[in-house]
Peer 1: 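This structure is in structure tokens; I'll ask about it shortly.
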Protein chains: 2
Amino acid sequence: MKEKDETEFMKEAVQAAIKGMDANEGGPFGCVVVKDGIIVGRGNNKVTSTNDPTAHAEISAIRDACINLNSFQLEGCIIYTSCEPCPMCLGAIYWARPDRVFYGCTHNDAAKIGFDDEFIYKEIALPINDRSIPFEQLGHEMALDAFKKWEDKEDKIEY
Amino acid sequence: MKEKDETEFMKEAVQAAIKGMDANEGGPFGCVVVKDGIIVGRGNNKVTSTNDPTAHAEISAIRDACINLNSFQLEGCIIYTSCEPCPMCLGAIYWARPDRVFYGCTHNDAAKIGFDDEFIYKEIALPINDRSIPFEQLGHEMALDAFKKWEDKEDKIEY
């Protein structure tokens, strides 16, 4: 039974991808977050329709699940995404800390239809000064002041 | 004059960090997006106050700037962030495509106050099967169907 359930959840993710694409919301990517056998979050790509480059399926589904679960962590959850996550979404998955991830298509499949995140994976692995977008440090002492204030803050909520 | 302006924008990013932290919105991180010398987007960390693990300063500022500019791309923009971006935010920056990024604190500074994204950077560089969160492929053929539909779609908006 378990295997069938997993395939059903992936089907939900793929259907979210197709539904969103058909409605011209964005690219063909969908995602669901499942906890205890129940879908607690849904998302599909809405980059072009909402002018939000961060509105990928996984980011959207994680945000939806966290609202529904009233938590900024997804412990005990399983993410089903119709395609292997891009670096941004992979980062979001690590911050959200689900138990595991199922993915349908690979990033090679995505590259073949014009969504090539291989470039971003390569850039992230580079030293900061070797990246194609120039990064420059500025105002270090001033910025450290915020961190010192955080260290001294007595009522901070750590995460 | 240019150098002074840049420092002023970093000051705005740091002030957003401090203001958000003082209001218990989240960690001590702030960001502004600047175009043609004008701030077009602002953000600060709101992870704990909004139960959104993706509500980092850079993601929030990028989303704000894109709404204000009515675009999902930040060409011609400069991002000022009070701390070197985590992998999720770095991915978001690559998708948004600003011209350059200024950062205040380093990720080593962040690690010292308990925000250690070095682990995520290391995980992203690993082959998918070697990562600490298990990733498993499932329903490949079914998922490819969404991609085939995208390829055949005549009115798609590519990005």
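Residue numbers start from 1 in every chain, and the chains themselves are labelled A, B, ... in the order their sequence lines are given, proteins ahead of strands. Since the model is a prediction, treat every value here as computed from it, not as a measurement.
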Peer 1: Indicate the atoms forming the closest heavy-atom contact of B/L138 with A/E6, along with that distance.
Peer 2: CD2-O, 3.4 Å
Peer 1: Between B/D145, B/I128, B/I62, who has the most heavy-atom pairs with chain A when the cutoff is under 4.5 Å?
Peer 2: B/I128
Peer 1: Can you give me the closest heavy-atom contact between A/I133 and B/R100, atom names plus distance?
Peer 2: CG2-CA, 4.0 Å
Peer 1: So which residue, B/G27, B/A17, B/S82, ends up with the most heavy-atom pairs under 4.5 Å with chain A?
Peer 2: B/G27
Peer 1: Which one wins on heavy-atom pair count under 4.5 Å against chain A: B/E84, B/R97, B/M21, B/M10?
Peer 2: B/M21
Peer 1: Quick check for you: among B/G114, B/C89, B/A110, which has the greatest number of heavy-atom pairs under 4.5 Å with chain A?
Peer 2: B/A110
Peer 1: Could you pull out the closest heavy-atom pair between A/P28 and B/F147, with the gap in Å?
Peer 2: O-CE1, 3.4 Å
Peer 1: Decide whether B/V40 and B/V32 are clustered together by the hydrophobic rule: side chain heavy atoms of Ile, Leu, Val, Met, Phe, Trp, Tyr closer than 4.5 Å, transitively.
Peer 2: no
Peer 1: Residues of residues 118-125 of chain A under 4.5 Å from chain B (heavy atom pairs)?
Peer 2: A/F119, A/I120, A/Y121, A/E123, A/I124
Peer 1: Chain B: which of A/C86, A/G139, A/A13 shares the most heavy-atom pairs with it under 4.5 Å?
Peer 2: A/C86
Peer 1: Quick one: of A/L69, A/N24, A/T81, who has the most non-hydrogen atom pairs under 4.5 Å with chain B?
Peer 2: A/N24
Peer 1: Return the NZ to CD1 distance between A/K153 and B/I18, rounded to the nearest 0.5 Å.
Peer 2: 11.5 Å
Peer 1: Should A/L90 and A/I59 be counted in the same cluster of Ile, Leu, Val, Met, Phe, Trp and Tyr side chains packed under 4.5 Å apart?
Peer 2: yes
Peer 1: For B/D109 and A/H140, run side-chain contact (heavy atoms from CB on, under 4.5 Å): C-alpha distance rounded to whole Å, both residues' side-chain angles, the deciding distance at 0.1 Å, then the answer.
Peer 2: CA-CA 10 Å; B/D109 297 328; A/H140 192 196; 2.6 Å; yes
Peer 1: Relative to chain A, which of B/K149, B/E151, B/K112 shows the most heavy atom pairs under 4.5 Å?
Peer 2: B/K149
Peer 1: Can you tell me which portion of B/D155 sits under 4.5 Å from chain A's heavy atoms? Options are side chain, backbone, both or neither.
Peer 2: both
Peer 1: What part of B/S49 gets within 4.5 angstrom of chain A, counting heavy atoms only: side chain, backbone, both, or neither?
Peer 2: neither
Peer 1: Indicate, with yes or no, if B/V101 and B/V34 share a hydrophobic cluster defined by side-chain heavy-atom contacts under 4.5 Å among Ile, Leu, Val, Met, Phe, Trp and Tyr.
Peer 2: no
Peer 1: CD1/A/I113 to CG/B/L144 distance, rounded to the nearest 0.5 angstrom?
Peer 2: 9.0 Å
Peer 1: Where does B/P85 contact chain A at under 4.5 Å (heavy atoms): side chain, backbone, both or neither?
Peer 2: side chain
Peer 1: Does the side chain of A/R131 reach to within under 4.5 Å of the side chain of B/Y94, using non-hydrogen atoms?
Peer 2: yes
Peer 1: Closest approach of B/G104 and A/A143, non-hydrogen atoms and distance?
Peer 2: CA-CB, 3.7 Å
Peer 1: Non-hydrogen atoms of chain A under 4.5 Å away: do they reach the side chain of B/K156, the backbone, both or neither?
Peer 2: neither
Peer 1: For the pair B/F135 and A/Y103, name the ring-plane relationship: parallel under 30°, tilted 30 to 60°, perpendicular over 60°.
Peer 2: tilted
Peer 1: So what's closer than 4.5 Å to chain A heavy atoms on B/N68: side chain, backbone, both or neither?
Peer 2: neither
Peer 1: What part of A/N45 lies closer than 4.5 angstrom to a heavy atom of chain B: side chain, backbone, both or neither?
Peer 2: side chain
Peer 1: Quick one: does A/E136's side chain have a donor or acceptor within less than 3.5 Å of a partner on B/F102's backbone?
Peer 2: no
Peer 1: When heavy-atom pairs shorter than 4.5 Å are enumerated against chain B, which of A/T50, A/N70, A/I67 gives the highest number?
Peer 2: A/N70
Peer 1: Check the hydrophobic clustering (I, L, V, M, F, W, Y; side-chain heavy atoms under 4.5 Å; chains of links allowed) and say if A/F72 and A/V33 are grouped together.
Peer 2: no
Peer 1: State, to 0.1 Å, how close B/V14 and A/M142 come at their nearest heavy-atom pair, and which atoms those are.
Peer 2: CG1-O, 3.5 Å
Peer 1: For chain B, which of A/K148, A/E141, A/H56 has the most heavy-atom pairs under 4.5 Å?
Peer 2: A/H56
Peer 1: So what's closer than 4.5 Å to chain A heavy atoms on B/T48: side chain, backbone, both or neither?
Peer 2: both
Peer 1: Tell me if the aromatic rings of A/F115 and B/W150 count as close, with their centers under 6.0 Å from one another.
Peer 2: yes
Peer 1: Heavy-atom cut-off 4.5 Å, strictly under: side chain, backbone, both or neither for B/I79 against chain A?
Peer 2: neither
Peer 1: Is it the case that one hydrophobic cluster holds both A/W95 and A/M88, taking links as side-chain heavy atoms less than 4.5 Å apart, direct or via other members?
Peer 2: yes
Peer 1: What option among B/G30, B/P87, B/A146 has the most heavy-atom pairs under 4.5 Å with chain A?
Peer 2: B/A146
Peer 1: Can you say whether B/C105 sits under 4.5 Å from chain A via the side chain, the backbone, both, or neither, judging by heavy atoms?
Peer 2: both
